[in-house]
Structures are given as C-alpha cells and as structure tokens.
Amino acid sequence: MSKTPKTDGAGRREPPLDFIRTIVRDDLAGGKHPGGVVTRFPPEPNGFLHIGHAKSICLNFGVALEFGGRCNLRFDDTDPAKEDTLFVEAIQDNIRWLGFDWGEGLYNASDYFEELYRFAVQLIERGGAYVCSLSEAEIRETRGTVTESGRESPYRGRGVAENLDLFTRMRNGEFPDGAHVLRARIDMASPNMKMRDPVIYRIRHVAHHHTGDAWPIYPMYDFAHPLSDALEGVTHSLCTLEFENNREFYDWILEQVDVPSTPRQIEFARLNLDYTVMSKRLLLELVEEEHVAGWDDPRMPTLAGLRRRGYTPEAIRNFCHSVGIAKSDNTVEMGQLEYFIRDDLNRKAPRVLGVERPLKVVLTNYPEDSVEELEAPYYPHDVPKEGSRTVPFSREIYIERDDFLEEPPKGYHRLAPGREARLRHAYVIRCDEVVKDAATGEVKELRCSYDPRTRSGSGTSDKKVQGTIHWVSAAHALEAELRLYDRLFSVPDPHGNPERDYRELLNSKSLETVKGLVEPSLATVRPGERFQFERLGYFCADTDSTADALVFNRIVTLRDSWLKLVQRGDGDAPRRRRRPQVAPNSTAPAERKSPEHAELTPAQRGRMEHYGDRLGLATGDALLLASDDDLAEFFEEAIRVHDNPKAVANWVINELRAHLKDTPLDSLPLTATALAELVALIDGQTISGNAAKHVFAEMLKKGESPAGIVDQLGLRQVADATQLEPVVDAVIAANPDNVALYRQGKTNLLGFFVGQVMKSTHGKANPRLVNELLRARLD
RNA sequence: UGGGCGGUCGCCAAGUGGUAAGGCCCCGGAUUUUGGAUCCGGUAUACGAAGGUUCGAAUCCUUCCCGCCCAGCCA
C-alpha cells in the first residue's frame, strides 16, 4: 500500500478504511465472495434500539451499501420468554428512520426453526451432540471455573439412537421444562468456557410471538446464530467484542454440519457514551421503574428517545461515522454527539425568538398603541437558505432574565443599569430604571428607552453596541412549555461504580420544565419541527404539542463561550491544558521476575550457562534459546558454520521467531546453515542488514541459499560514496520542503531522507554511509 | 491463577521498519446584529513500562504492568 493518502474528487483526504472494511475490501478483491458481500443486523426483539445499536446498524448497512452488497434485518428471536412484537415494530421503525433499508431481507431466526432442528439432528447423528438430563444447577456445577476444567456429564456417552429418540420426544413436547437439554459434545476441559459442551437447545413450553405454540424447544443463540448466518449467505457476521469467546463455537458448528455457506464472524468494540447507560437491562429498568417517562423519553439514549428529543438521523449517522470502528473499549464524550446535532441543525433549522425566563421591559419612549411588524430572516447570512417572517414589536416586551445584571462583571455585553444593548432584529435600547419588588428585592421590570434611529436594517444609525439580545412582544407572545433537558446521570460512568447503584446517580435536574414565551409565528408548528431559539439552543416541537398548548424539547443548547468564561472564573489567566502527570514506574527493575527463576531441565540449564558464560549472550537471550530445544539445536548448528554467536542469536531470536509464530521450526525450508551463511554475508559487509531482511524473507519462502538470492536480486551492498551520491542528491532535490524543514531544525527528518535513499536503492545502500552523506549535504 | 481481546493527546481514532493522520474538546486570533456559525493558527520529541535488535522502532524480539470479556437452559 502506498503511503500517500488517497484523496477524493475535491482533493479532501479520504479517511482510511476501518479494519472491518479493510477485510471486506480484501475479501472482495480476492474473489472470495462472487455473490457480493452480505451482512446482517440481528437485534433481539426484547427492548428498544439505542445509539450503540445505531453504530452497528451504520456499520452493517453501511458496509453493504459501500460494497454493493446487501444487509438483512434478522430478529434473533430464540428466547420466547422475553420477546414481543411491540419491539419488532419499534425496531423496524427506528431503522427506517435512521435511513436504512433491508429491502427483501427481513428474517427471523424463528423462520429457521425447522432447518435448525434438522441441523441439530444431523449433529446428533454425527456424534456432535447429546441429550443431557442434568438439572440446570448440576450443569452449572460441572462446568468448572475459569481456572479448573469441568466434569463430563454422565449422559455424555448416550448413543446416537437414544439421543435421537430423546430429542424427538423433546420436540414433541413430551417433557416438562428443564427435564433435558441438547448439548454440543466438545471438550469439558477446554480453556474456553464456551466450548465446554454448551447447551444448544432447551425445553420451553412458552408461546413464541412469531411461531406460536409450534415449538416446545428453542435453540440457543450460539447454535442459531451461525447457522442462520449460513442459511442467509451472510459473508461477514459483525458483532461486538463480548462475542469473541463465542467465535470458536461459531466456527466449530459450521464445520460439523452441512451448511450452504461459511460466514465469518468479526468483532468490534461497542459504543459507550458518558453520562448515560447503554445496557438493555438498565434501560428496561429505567422504563419499568418509571425513572423516565418511557422508551422514548427524550433523555434516553434510545433511538426513539433521541428522535423525540429532536435529533436528526443525519446527525446520528455522522456521529457514528466519526467514532469509527475499532477494537478498544471506549467511552465517547456526550459532547461529540452534541457537536453533530448542532452541526446538522445549524444548516437546517430556522431561527426564531423565544424566552425561557421572561423579564418584562417597558420601552418608555415608545408609543402606547403602536405595533411594528419587523422583517426577520429565518437564517443568518452564513447559512445559505432563504426565508423570513415578521415579528411584532411593541412597547412592552420580555427579555431573558440572564440578559440583565444589576452589577455586570467585566466583559458582560448585555443589559445593565445605564447600559445599551440591541434587540435582535429591532432597536438599540438603554436601561434607565430597574423596578424591584419592595419586599423581596427581586427585579420585576426594566424601564428602558429605545433609539428610533437604530432599527435593524434601516441604516440610519451607526451606533455600535456590544451585545444583541433576544426578546418577544408581550402582547403577541405565545406561552409555551419548554422542556430543558440535561444529561440523564450526574457522573460519567453511572454503571461503572460498584459502590453505588446507578439509580442513585440519576441527575435530578435532567429535566427542567419552564413556562416560556415564543414569537407568534410558532402558533402553527407541528410536532417534530425543529428551530433554533436564538442564543438559547435548538428546540423541537414535542409530540405532546398542540395549537393550544405548545411544547418544545430543548435538543441541545448552543455553545456558549460567555458561560465558559464565567465558569472558569473571571479574571483568571486562560488555562493551559494540563499535561498528564508522569506515571510512576509501576515496576522497578529489581522487582521483576528474574529469568533465572524459570523452570529448566538440567540439560537446558547447562546449555543456558554455556550460552551466557562462554558465548557471551545476554541472560535473557541465553534463556530464550536454551529453553527451546529445537531452537537451541538450530542455533548451535548455525554457529558451527559461522562463529558469531551474538549475531546469530539475534537473528534467531528477533527475526526467525517473528516469522515462526506458532509454526514448528522444521516445517520451514530454512536450514541453520543457510541462516549462518546469511549472517556471514552481513558480517563480511557483502550485504546491508536492511537487504538481509529481504534475503531472509526469500529464504523463508524458497529455502535457497542466501548467496544465490543475493545474486539473483542484485542485493550486494553499495558502500561506495561515488555511487551513492547521485541517489542522495536526487532525494534531496525531490524533497525541497523537507530540506527546508530540516534546516529549520526538524532534524528528525534525517530518518526520512535515509529511508528515501534506502528505498530507492532497494535496501542495498550502506546506511551508515548514507547517513554521513546526507548529513554532509544537509547541514 | 485458564483462555480470549485490548492499551497511540482530555475523549474517539489512523498508523504494520523511514516526517506521529483526522475528528471532538481545549487555547489564541479574524469576522459577526446569535457571546452561535464561519475562517486562520496552536496543542503528543512520542505511542502502557523497561530492556533488546536495527543506521533508523508506535511498528520486530523479551519481560513486566494495566483494562475488558468468558463459569445463563440470555443474546
């Protein structure tokens, strides 16, 4: 792969593919899936979808879309006790709303019950499964623990005929719940708990929302999922990290029975968001215990909640795209989600005027009965959209309480006694008088004067004021219920604290309902319509909203750099970002387990001493070689050919082992003699270490002698300055920008230049010489 | 203490031996009739740690540390 970033048509850099898309792309390029890529989104219909599911939906449908394949929606409905059609409808609705389409690909695992049953019979016939009559508790007790292996079930030895008979009778409903289960016969001693004869069918005399009373037995996820994938021709079965342990069984079952295709399971990290919870169980509890108003409560991270709150599908998709697909556990900040809804709505939402906490203002010099209709554009100049409405202006108006302060701090741009501010789309006013409640001292009203020359857009005054505030006309404003939402929990990780129940960590201020006032143009809004209430935030008319009783949800506030300034403390020097503390070295060298403590046979111990004392190898290296008999033999044979133990040991340890991984040494075409010859070539300056790696790679593949490969590939070292100089000059000439940077002091660019020279000589150049030459030219 | 995965900026995340991408956040500045938006600039001498190999290591080798997952007849 080339190092240069790919760009799209507009010259923007195309983001790199995530690891899953890379696999899909390579599989497709390799002709592995002539029928195209097939993915699936497999929700269990036992709850509502949340934003974590959105990540998976965007991945699965996105991959299908991008690579010209398809994505099925399959309900993983194998546990009738918890599932409900209510959820299947909500799930479909949510996915469509998010903007994805499964086309014809709507399936249920329960559609496959008959086929799944036949697979189970086949597995039994092949000896891969048995009916186990242990109780649930007994099965648990005999499964062992993560450190001890399990014990085999006494029923493990049942013959095929008996198993078949029992399984048939299970299917016929002859046994009560729990009497028997069907188990895969794998390995009770497997270090992977999932492989210790997992249960694959259980008896449940429960009606299924889809198949009714047709089945008294139901397959388990581990059995149904891979087989359903295979039946649908799924090529890439993408799931979350907690299923990594299940993959071994996934692959196992696909080998045991005759499946029409072989899907591959790939796991990625699920999405977590701070200040919320993302587990279905917890979400269900919040709903059932009525900590929230339902699955679509706008504080919930469910798609239904986000939708009702006013989030757009685009914002959620953009957010999912931005967090990427990887394998490390992560918790994304709420701020990142908020960024994407603001970003989307900034371009889409019309601006209107509304007041959350009204403060009355009387314009003392404005005529009593006069009303002006002021033209107010829906979008600011920087949003390329058209449209406007008129807003009525009159003698009595309401402004935001926060926009007046009797004793304004430094930097406050709004109204204060004697100060001026502009009313958005209207006039500049000055605060002349503050009317207070005699008893409480509370500010009841402001008496201000307006400057008639300053009407917006009139161009009759060049008066400049610092602040612009929003307002509504008292006589014309509409009352509206404003639901101001904040994060559901008061701590970033409510589920992560073992000391405290997450319920105690709910944010008591997650919903604040206020009676606000909005401009009259909003009289006819319909639920779902979104606006920016200028300077406050984005709002969405709630489903509860009617013409008589307007209700708006605050989707998200606007960014507020004034608030930020206030919060970090007025007058404070701007804070530099705090550098992370240097973590103390958690392991002092002395505490480390010394390599000598490892268990060695007497022969190995002797060998190790020999390597260390006589051959001069470092202790760790000596131990490593000595403790592996095959490697040691290989090493000793090599140093008989070329007597440089240290160099040979380095090659064996650092290079050979890197390629070896788990494959046995003798399966390679490489001989000890050949490796010794290679090291000799390096020691004799015939080839550079860099070129030696190319040679080594060839030796590993073909088993030829190093000298032959060197000649074939023409890899003899170039250590002659007159030959190298032109190359060096060419590299310097080709990279004027980097030369300039280097000369400005970015001297770590030397590595870049050396790399370029090495590359253009195919690794043949003597790197030390290249360094010298380069330095002479650049310095 | 078995096995399977992870660990690169405050939060995400590229990168697989040759210049530590990008986004969010943050910090400056320009602009602005939204303290919004936009624009421009800044922010990791360093990749969990320590050793080693190499001219050159986030990438290869060794040892260690930390986190997550697995003992449902849930998915």
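This is a predicted model, so every value here is computed, not measured. Order of the sequence lines fixes the chain letters, A, B, ..., with proteins taken first and strands second; residue numbering starts at 1 for each chain.
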Visitor: From the set B:rC73, B:rA75, B:rC12, return the single nucleotide nearest to any side-chain atom of A:D79.
Guide: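 Minimum distance to the A:D79 side chain belongs to B:rA75.
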
Visitor: Pairs in or reaching into residues 761-774 of chain A: which pass side chain to side chain donor-acceptor pair (under 3.5 Å), with residues at least two apart or in two chains?
Guide: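 Those involving residues 761-774 of chain A are A:Q717-A:N766.
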
Visitor: Looking at residues at least two apart in the chain, or sitting in another chain, which of them share a side chain to side chain contact (heavy atoms under 4.5 Å, CB included) with A:A622?
Guide: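 Partners of A:A622 under the side chain to side chain contact (heavy atoms under 4.5 Å, CB included) test: A:M608, A:Y611, A:L617.
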
Visitor: Tell me which nucleotide, if any, is Watson-Crick or G-U wobble paired with B:rA71 when both distances must be under 3.5 Å.
Guide: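 Check on B:rA71: unpaired, no WC or wobble geometry under 3.5 Å.
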
Visitor: A:R424: what forms a salt bridge (Lys or Arg N to Asp or Glu O under 4.0 Å) with it, not counting sequence neighbours?
Guide: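 Partners of A:R424 by the salt bridge (Lys or Arg N to Asp or Glu O under 4.0 Å) criterion, ordered by chain and then number, come out as A:E534.
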
Visitor: Going by an N to O cut-off under 4.0 Å, is there a salt bridge joining A:D403 and A:R535?
Guide: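 Yes, charged N to carboxylate O under 4.0 Å.
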
Visitor: Do the side-chain N or O atoms of A:S688 get closer than 4.0 angstrom to the phosphate oxygens (OP1, OP2) of B:rC55?
Guide: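 For B:rC55, neither OP1 nor OP2 has a side-chain N or O of A:S688 closer than 4.0 Å.
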
Visitor: Report yes if at least one side-chain N or O of A:R204 is closer than 4.0 Å to OP1 or OP2 of B:rG72; otherwise report no.
Guide: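 Negative; the distance criterion is not met.
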
Visitor: Excluding sequence neighbours, so at least two apart, what forms ring-ring contact (aromatic ring centres under 6.0 Å, His included) with A:F167?
Guide: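 So A:F167 forms a ring-ring contact (aromatic ring centres under 6.0 Å, His included) with A:Y117, A:Y201.
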
Visitor: Kindly say if A:K564 contacts the phosphate of B:rC26, meaning a side-chain N or O under 4.0 Å from OP1 or OP2.
Guide: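 So the side chain of A:K564 is within the cut-off, an N or O lying under 4.0 Å from OP1 or OP2 of B:rC26.
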
Visitor: So, does the side chain of A:N690 form a donor-acceptor pair with the base of B:rG18 at under 3.5 Å?
Guide: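 Flag set: donor-acceptor pair detected.
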
Visitor: Look through every strand shown and name the nucleotide pairing with B:rA57 as Watson-Crick or G-U wobble, where both distances are under 3.5 Å.
Guide: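 Check on B:rA57: unpaired, no WC or wobble geometry under 3.5 Å.
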
Visitor: Restricting to ring-ring contact (aromatic ring centres under 6.0 Å, His included), what partner residues turn up for A:Y218, sequence neighbours left out?
Guide: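 ring-ring contact (aromatic ring centres under 6.0 Å, His included) list for A:Y218, sorted by chain: A:F113, A:H208.
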
Visitor: I'd like to check the ring-ring contact (aromatic ring centres under 6.0 Å, His included) partners of A:H180; sequence neighbours left out, ordered by chain and number.
Guide: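 A:F175.
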
Visitor: How would you list, by chain and number, every residue that makes a salt bridge (Lys or Arg N to Asp or Glu O under 4.0 Å) with A:K194, sequence neighbours excluded?
Guide: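 Once residues adjacent in sequence are excluded, A:K194 has no partner under the salt bridge (Lys or Arg N to Asp or Glu O under 4.0 Å) criterion.
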
Visitor: Does A:N192 contact B:rC70 through a side-chain donor or acceptor facing the base, at a distance under 3.5 Å?
Guide: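 For A:N192, whose side chain was compared with the base of B:rC70, there is no donor-acceptor pair (under 3.5 Å).
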
Visitor: Would you please name every residue forming a side chain to side chain contact (heavy atoms under 4.5 Å, CB included) with A:A376, sequence neighbours left out?
Guide: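 Checked A:A376 against side chain to side chain contact (heavy atoms under 4.5 Å, CB included); matches are A:R389, A:V391, A:H425.
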
Visitor: Please identify each residue that fulfils salt bridge (Lys or Arg N to Asp or Glu O under 4.0 Å) with A:D197, with sequence neighbours left out.
Guide: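 A:D197: salt bridge (Lys or Arg N to Asp or Glu O under 4.0 Å) contacts with A:R156.
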
Visitor: Let's see if you get this right: which residues in residues 326-341 of chain A place a heavy atom under 4.0 Å from RNA chain B?
Guide: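 Only A:A326, A:K327, A:S328, A:D329, A:N330, A:T331, A:V332, A:E333, A:G335, A:Q336, A:Y339 qualify.
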
Visitor: Hunt down the Watson-Crick or G-U wobble partner of B:rA20, both distances under 3.5 Å, from any strand shown, or write none.
Guide: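 Here B:rA20 is not engaged in any pair, so there is no nucleotide opposite it.
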
Visitor: Indicate for each nucleotide in nucleotides 29-35 of chain B, in 5' to 3' sequence, whether protein heavy atoms under 4.0 Å reach the base (B), only the sugar-phosphate (S), or nothing (-).
Guide: ---SBBB

Visitor: What residues in residues 139-146 of chain A put a non-hydrogen atom under 4.0 Å from any atom of RNA chain B?
Guide: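 Contacts with RNA chain B under 4.0 Å: A:I139, A:R140, A:R143, A:G144, A:T145, A:V146.
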
